[in-house]
Amino acid sequence: MTISLQEATERIAQSPKLEALLKQLEARLRDEQARRVAFHRDLAAWEGRGVEFINGEIIEKMPVKRKHSDVVANLLALIKTFVQLHGLGFVGFEKVMVSLARNDYEPDICFWKAERARDFTDNQVRFPPPDLVIEVLSPATEPIDRGIKFEDYAANGVSEYWIVDPEAHTVEQYLLRGEQYAPAPKMREGDIISPTIAGFTIPVAAIFDAERNVAALRQMLAGDGA
């Protein structure tokens, strides 16, 4: 269960060890910031390898199963096609680095609305918080996707967050309400509608099934919607 920034601050403020805690936090933050500067400076050394900077540590992303890769490819085809057809913004995936207030992530898929993406450059390697983030679960990343990323995306104003499970064939669509994401059911069927990508609606099955994916793409390209 997550708590708000105000609640966390109040808990620390009420501690009899407040002064000592503040000194420890300041020292930790200085060290972490120095590590992050070094991480950004040496990004070229990680070329071709997925890495993220999370709470002061460099986390190297592991290879994924084919089913994970297929789900990312299916979703990317649907979202990128729709966004490009309607000129809605910029879609990034895998190696696109998102830099938040404290951490740097490489989400599976992310989207920025056109008004925010128009200033992006061809040589840009770090990007601000997206409007939509999609993470596809794997055994290694699930605790992070449901833990620190869940809190961090909300804290940095990512208005929509999907967690996709390639094993269970489910999608959880979280929408930001204030500082936190509203609870979301696990969708296994029906259509999923994104309020962030205007007009984007797809069958959940099109994420996991190749034939349904192709059918949704054909409808999209025919101008009938998904």
Side-chain angles (χ1 to χ4, degrees), residues 48 50 52 61-98 105-114 117 127 130-147 149-150 153-154 158-176 181-226:
E52 298 181 316
K61 302 176 78 172
M62 301 298 292
V64 297
K65 296 178 181 178
R66 176 182 170 180
K67 64 181 68 176
H68 181 286
S69 180
D70 286 345
V71 165
V72 173
N74 287 344
L75 262 172
L76 180 63
L78 292 165
I79 293 174
K80 195 172 182 69
T81 297
F82 188 85
V83 167
Q84 289 185 331
L85 280 173
H86 299 281
L88 296 177
F90 171 63
V91 180
F93 63 100
E94 293 182 344
K95 288 292 290 174
V96 168
M97 178 163 285
V98 169
Y105 302 118
E106 292 184 348
D108 288 309
I109 300 174
C110 42
F111 164 77
W112 291 263
K113 293 180 180 179
F127 295 83
D131 295 295
L132 165 69
V133 168
I134 299 175
E135 296 285 8
V136 179
L137 298 178
S138 66
T141 66
E142 182 166 5
I144 296 172
D145 294 337
R146 294 191 181 281
K149 285 188 176 181
F150 191 92
Y153 291 148
V158 176
S159 59
E160 186 173 354
Y161 179 35
W162 294 14
I163 295 179
V164 182
D165 189 334
E167 299 285 347
H169 287 197
T170 59
V171 181
E172 299 160 52
Q173 181 189 29
Y174 295 95
L175 303 178
L176 194 61
Y181 290 121
K186 292 184 178 181
M187 299 180 62
R188 291 184 172 84
E189 56 188 8
D191 291 342
I192 185 166
I193 302 169
S194 171
T196 303
I197 304 177
F200 183 72
T201 304
I202 57 169
V204 172
I207 298 172
F208 306 103
D209 182 86
E211 291 184 3
R212 294 292 300 274
N213 186 265
V214 170
L217 282 168
R218 284 176 174 164
Q219 283 189 318
M220 198 178 287
L221 291 168
D224 297 328

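Rounding to the nearest 0.5 Å gives a distance of 11.5 Å between CG of L78 and OG1 of T201. Here E167 contributes atom CD and K65 contributes atom NZ; the two are 4.5 Å apart, rounded to the nearest 0.5 Å. Note that the CG atom of L88 and the OG atom of S194 stand 10.0 Å from one another [nearest 0.5 Å]. Annotation: the span from K80 atom NZ to F90 atom CZ amounts to 6.5 Å, rounded to 0.5 Å. Residue F111 holds its CZ atom at 5.0 Å from CD1 of I197, rounded to the nearest 0.5 Å. Atoms CD1 and OG1, from I207 and T170 in turn, are 9.5 Å apart once rounded to the nearest 0.5 Å.
Among all heavy-atom pairs drawn from N213 and A206, the shortest one is ND2-O, 2.9 Å. Here the shortest heavy-atom pairing between V133 and P107 reads CG1-CB, 3.9 Å. Shown here for A140 and P143, the closest heavy-atom pair between the two residues is O-CD, 3.9 Å. K113 approaches D131 most closely through the heavy-atom pair N-OD2, 2.7 Å. Here the shortest heavy-atom pairing between L137 and H68 reads O-CD2, 3.3 Å. Here the shortest heavy-atom pairing between E52 and E106 reads OE2-N, 2.8 Å.
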From CA spacing to verdict: side-chain contact (heavy atoms from CB on, under 4.5 Å), V136, V64 | CA-CA 10 Å; V136 179; V64 297; over 6 Å; no
Walk me through it: do I109 and W162 pass the test side-chain contact (heavy atoms from CB on, under 4.5 Å)?
-> CA-CA 10 Å; I109 300 174; W162 294 14; over 6 Å; no
Would you sort out whether E160 and Q173 count as a side-chain contact (heavy atoms from CB on, under 4.5 Å), showing the intermediate values?
-> CA-CA 7 Å; E160 186 173 354; Q173 181 189 29; 2.8 Å; yes
Check against side-chain contact (heavy atoms from CB on, under 4.5 Å), W112 and V98 = CA-CA 11 Å; W112 291 263; V98 169; 4.0 Å; yes
Would you sort out whether E135 and Y153 count as a side-chain hydrogen bond (donor to acceptor under 3.5 Å, both in side chains), showing the intermediate values?
-> CA-CA 11 Å; E135 296 285 8; Y153 291 148; 2.8 Å; yes
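Heavy atoms from other residues, nucleotides or ligands lying under 6.0 Å from CZ of F127 number more than 12.
Side-chain contact between L176 and V158: absent, with no pair of heavy atoms (C-beta onward) separated by less than 4.5 Å. You'll find the side chain of R188 stays beyond 4.5 Å of the side chain of F208, heavy atoms only.
For E172, the side chain to side chain donor-acceptor pair (under 3.5 Å) partners at least two apart in sequence or on another chain are R146, Y174. For the side chain to side chain donor-acceptor pair (under 3.5 Å) test, no residue two or more places apart in sequence or in another chain qualifies with D165. T141 is linked by a side chain to side chain donor-acceptor pair (under 3.5 Å) to S138, D145, counting only residues two or more places apart in sequence or in another chain.
Each of T81, N74, I202 was evaluated against L217; a single residue qualifies, T81, per the side chain to side chain contact (heavy atoms under 4.5 Å, CB included) test.
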